[in-house]
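Structure first, then comments.
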Amino acid sequence: MKHIFKQGTNSEKPVLLMLHGTGGTEEDLLPIAEMIDPTASVLSVRGNVLEQGMPRFFKRLREGIFDLEDLAIRTKELNDFLGEAAEKYAFNRENIVAIGYSNGANIAGSLLFHYEQSLKGAILFHPMVPRRDIEVPNAQGIPIFIGAGINDPICPADETKELTTLLQGAEATVDVHWESFGHQLTRTEVEAAKTWYERIYGNK
């Protein structure tokens, strides 16, 4: 998968897996990674699917309706890639925190739905429920931050609440930060995620 890897100055920190939204690239969320933790290593990945020329991480049938068969294939592809990247760049595969926005948050959520303990933690900005037809595997000990908009037309508040319930049902620890804006990623949302991250992983 097309990607950027940046070696951090603190090898004990999680590797930040950056996953862009529809139409983004592996460059898009690098400033967010810098804001969250400038000392951590960063693995920023570009989705392999094109929708009208716009990169995505998996196909959809229409807005809000995922192609579940493709989602499963692309989630496996990303999970396999993480193992390969950990070997190539000599980092701990079990020390990855995903930071995703919109489509990127959905593929990060899909990792948690498909592969037990596939992430050490996750920051999900405006995610949806990736699947409703499978049981979420054990997520005990996995801290998750969800950034959501009460007026989000793409990801309604009920979607966020359902995702939270499903993840909590799998024993994940979920913190939800609500904004009054729509689907856009706001600075205050990122700052809230940074505060959460520092509480969980430290700020040194």
Side-chain angles (χ1 to χ4, degrees), residues 14-22 24 28-29 31-33 35-37 40 44-45 47 56-58 60 63-66 71 75 78-79 96-132 134-201 203:
V15 174
L16 303 182
L17 171 64
M18 310 306 294
L19 302 164
H20 62 77
T22 299
D28 278 25
L29 297 186
I32 304 295
M35 284 179 66
I36 300 288
D37 189 348
S44 192
V45 183
R56 281 178 53 86
F57 287 99
F58 58 88
R60 56 184 171 181
E63 189 169 292
I65 307 297
F66 301 161
L71 175 61
T75 303
L78 178 58
N79 191 58
I96 296 175
V97 171
I99 302 178
Y101 166 60
S102 193
N103 181 241
N106 293 337
I107 195 75
S110 186
L111 278 172
L112 294 168
F113 273 55
H114 284 93
Y115 298 100
E116 186 173 332
Q117 300 289 317
S118 52
L119 296 170
K120 185 175 185 178
I123 294 174
L124 308 176
F125 295 117
H126 302 266
M128 297 176 70
V129 177
R131 297 190 69 154
R132 293 179 170 86
I134 60 174
E135 186 176 344
V136 186
N138 173 35
Q140 187 171 12
I142 300 177
I144 298 169
F145 174 96
I146 295 178
I150 58 173
N151 300 311
D152 190 332
I154 296 172
C155 178
D158 285 348
E159 187 90 12
T160 301
K161 293 172 184 175
E162 182 181 355
L163 178 60
T164 300
T165 299
L166 289 169
L167 290 169
Q168 288 175 334
E171 304 296 327
T173 303
V174 185
D175 290 277
V176 182
H177 172 80
W178 292 98
E179 295 269 334
S180 58
F181 301 99
H183 194 65
Q184 71 267 37
L185 180 55
T186 66
R187 185 176 183 88
T188 51
E189 202 174 334
V190 176
E191 287 171 348
K194 176 182 174 67
T195 299
W196 172 89
Y197 174 92
E198 290 179 347
R199 175 168 58 84
I200 303 291
Y201 300 108
N203 59 2

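Rounded to the nearest 0.5 Å, atoms CE (M18) and CG (L29) are 4.5 Å apart. Remark: Q168 CD to L163 CG distance equals 9.5 Å, nearest 0.5 Å. Here the CD atom belonging to E191 is positioned 5.5 Å from the CE atom belonging to M35, to the nearest 0.5 angstrom. Atoms OH and OG1, on Y101 and T22 in that order, are 8.5 Å from each other to the nearest 0.5 Å. Going from atom CD1 of I36 over to atom CD1 of I99 covers 5.0 Å, rounded to the nearest 0.5 Å. Here I200 contributes atom CD1 and E198 contributes atom CD; the two are 11.5 Å apart, rounded to the nearest 0.5 Å.
Between the side chains of D152 and H126, at least one donor N or O sits under 3.5 Å from an acceptor N or O.
Listed here is the closest heavy atom pair of P130 and S110: CG-N, 3.8 Å. For the pair A40 and P14, the tightest heavy-atom approach, listed with the atom from each and the gap, is CB-O, 3.4 Å. Minimum heavy-atom separation, H114 to T75: ND1-CG2, 3.9 Å. Taking every heavy atom of both residues into account, E189 and F125 meet most closely at OE2-CD2, 3.3 Å. A pairwise comparison of heavy atoms in I123 and A193 identifies CG2-CB, 3.9 Å as the closest pair. Across all non-hydrogen atoms, the minimal contact from C155 to P127 is SG-O, 2.7 Å.
A donor-acceptor pair under 3.5 Å is absent between the side-chain atoms of E179 and the main chain of G147, judged by distance alone. No side-chain donor-acceptor contact under 3.5 Å links E171 to the backbone of G141. In this structure, the side chain of H183 does not engage the main chain of G149 through any donor-acceptor pair within 3.5 Å. A donor-acceptor pair is defined here as one N or O able to donate and one able to accept, closer than 3.5 Å; such a pair exists between the side chain of N151 and the backbone of S180.
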Practice problem: Kindly indicate, with the supporting measurements, whether the criterion side-chain hydrogen bond (donor to acceptor under 3.5 Å, both in side chains) is fulfilled by D37 and Y197. | Solution: CA-CA 8 Å; D37 189 348; Y197 174 92; 2.6 Å; yes
Self-check item: Intermediate values then yes/no, side-chain contact (heavy atoms from CB on, under 4.5 Å), N106 and L124
Solution: CA-CA 8 Å; N106 293 337; L124 308 176; over 6 Å; no
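Residues L185 and V190 are in side-chain contact: their nearest non-hydrogen atoms beyond the backbone lie under 4.5 Å apart. Proximity of I134 to F113: side-chain heavy atoms (C-beta onward) are separated by under 4.5 Å at one or more points. Between N103 and L19 there is no side-chain heavy-atom pair separated by less than 4.5 Å.
Using cut-offs of 30° and 60° for the angle between ring planes, the F66 and F58 rings count as perpendicular. Between F145 and W196, the two ring planes are tilted [angle within 30° to 60°].
Listed by first and then second residue, the side chain to side chain donor-acceptor pair (under 3.5 Å) pairs that reach into residues 140-150 come to none, sequence neighbours excluded.
The environment of CZ in R187 is sparse: at most 12 heavy-atom neighbours from other residues, nucleotides or ligands sit within 6.0 Å.
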